[in-house]
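First comes the structure, then the notes that go with it.
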Amino acid sequence: MTLGTNFSSVVDIGSEITLVGYYGMDNFGDDLMLKSLLDEFRKHDLRVNILAYREVSWLLKEAYPNVKVWIWPDSKIGKFQIFKKASQNSKAVFWGGGTCFTDEDGDGYFKYMIYAKLLNKKVGYLGVGIGNLSKNSRLFKTKKLINISSILTFRDKTSLKKALNWKKKSSKASIELVEDPANQTLKGLASSLPVQTNNNSLVLAWRDLSDYSNTTIGSELLPVSEMAIKLCEAHEVNRIIIMDTDSVRDKELSISLKESIEKLNGTISVEYNDCTNYEEKLAVINESKVVFTSRLHVAVAAKYLNKECFVYNYSPKISYFVQEEGNNKIQLIDKDLTIKSA
């Protein structure tokens, strides 16, 4: 249960809320998490305002009549105006899913959550995680947001422990451990897909690691290409399918990766699949024999589809997942591209 045991004490049944997160980018993991959260909100008969970067392609009005999507504008002033308008009748503002407290990426929407509190809204975080936090400014923001929240549910034990340590005695925040929001949707979808046994492909789903260049291989594609070829040889597959996990941000990198692999090896067939829908992406993973990725939810999907998966440890959330799962089919690839068993 992603919402946590105390959600009903924070939000009344039938009320209105606002949900923020990394939505509208056709991102595999974020779409899975959003789907699960909306299914949970439906059980509470909630009216939901979603603030997204673009339209959510699969979110149809007929299927979600109580959901309204608002699109973030470009200007800073415009963003605050749309946030205020979208949340004006909401009892609470929640961030939904993902590692939203990091040095490299998100700061938990700090300024908007503070603004929400000034507007007398409750705030909270559902099914989230804590990543690398060494910058004092990001650490300050994270601690502040934890202590002004009404509810925080974390998807891994390490993030939960950190949050509990940072919670002040005066804080009324309800903090607990929950399942990753994506799991609920993945379980249902994976069980409905046919079992594939005669596959001869490796699915490669990589992300741009430029912002993580101090702790990872960064934007280098050659070692990724070499590793993909080695995995193909080890698993006797002759085909690589490169897939965008994030259909907006990954496209250019995926095409470059395809060209890089083709230069190194002319015998392995390399294809680029530009599907955008999360169900289509899951089907691509299902049709593979082995998965090589730096994306958390691609690895989670591989688990549910019973695929052998090699996942690159660019962020603490990756190692948390592999360690907590203890699944011998999910293997951790360390930052130097050496393989570590679960």
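All residue numbers in this chain count up from 1 along the given sequence.
Between the side chain of D103 and the backbone N or O of K135, at least one donor-acceptor pair lies under 3.5 Å. Side chain of K317 to backbone of T99: no donor-acceptor contact under 3.5 angstrom is found. At distances below 3.5 Å, at least one donor-acceptor pair connects side-chain atoms of K329 with backbone N or O atoms of N306.
Pairing each heavy atom of I333 with each of M227, the nearest pair is CD1-CE, 4.0 Å. In plain terms, the two heavy atoms of L337 and P223 that are nearest each other are CD1-CB, 3.3 Å. Shown here for N199 and N286, the closest heavy-atom pair between the two residues is ND2-O, 3.8 Å. Closest of all the heavy-atom pairs between K307 and K289 is CD-O, 4.5 Å. Across all their heavy atoms, A173 and L152 have their closest contact at CB-CD1, 3.7 Å. Between L282 and A190, the shortest heavy-atom contact is CD2-N, 4.2 Å.
Using a cutoff of 4.0 Å between basic side-chain nitrogens and carboxylate oxygens, K141 and D107 are scored as salt-bridged. Using a cutoff of 4.0 Å between basic side-chain nitrogens and carboxylate oxygens, D39 and K35 are scored as salt-bridged. Using a cut-off of 4.0 Å between Lys/Arg side-chain N and Asp/Glu carboxylate O, E259 and K263 are scored as not salt-bridged. Remark: E233 does not engage K230 in a salt bridge, criterion side-chain N to carboxylate O under 4.0 Å.
K335 is not listed as a side-chain neighbour of I217, based on a closest heavy-atom distance of 4.5 Å or more. Looking at heavy atoms from C-beta onward, M33 lies in side-chain contact with H297 at the 4.5 angstrom threshold. No side-chain heavy atom of I268 sits under 4.5 Å from any side-chain heavy atom of I261. Within the 4.5 Å cutoff, side-chain heavy atoms of I148 are placed close to those of I114. Side chains of W95 and M113 form a contact here, defined as non-hydrogen atoms less than 4.5 Å apart. Between D26 and D246, every side-chain heavy-atom pair lies at or beyond the 4.5 Å cut-off. Between R155 and F321 there is no side-chain heavy-atom pair separated by less than 4.5 Å. With a 4.5 Å cut-off on side-chain heavy atoms, Y22 and M25 count as touching.
A perpendicular orientation is assigned to the rings of F310 and H235, their planes being inclined by more than 60° (bins at 30° and 60°). Ring geometry for W58 versus Y64: interplanar angle over 60°, hence perpendicular rather than tilted (30 to 60°). A tilted orientation is assigned to the rings of Y112 and F83, their planes being inclined by 30° to 60°. Between Y109 and W72, the angle of the ring planes goes over 60°, which puts this pair in the perpendicular group of the 30/60° scheme.
Using a 3.5 Å distance cut-off with no hydrogens or angles, the side chains of T185 and S36 do pair a donor with an acceptor. T102 and D105 are not linked by any side-chain donor-acceptor pair at a separation below 3.5 angstrom, with hydrogens and angles left out of the test. In the model, S87 has no side-chain atom that pairs as donor or acceptor with a side-chain atom of T18 under 3.5 Å. If you check the side chains of D244 and S254, you find a donor sitting under 3.5 Å from an acceptor. Remark: the T5 side chain and the E176 side chain contain an N/O donor-acceptor pair separated by less than 3.5 Å.
Residues Y23 and Y53 keep their aromatic ring centres 6.0 Å or farther apart. Between Y212 and Y314, a ring centre-to-centre spacing shorter than 6.0 Å is recorded. Taking the six-membered ring for Trp, F154 and Y125 have ring centres at least 6.0 Å apart.
Of the candidates I318, D250, V300, V311, D250 is the only one forming a side chain to side chain contact (heavy atoms under 4.5 Å, CB included) with R295. Checked options N66, N89, N49; the residue passing with E16 is N49 (criterion: side-chain hydrogen bond (donor to acceptor under 3.5 Å, both in side chains)).
Taking the ring centre of W166 as origin, the terminal cationic atom of K168 falls outside the region bounded by 6.0 Å and 45° from the ring axis.
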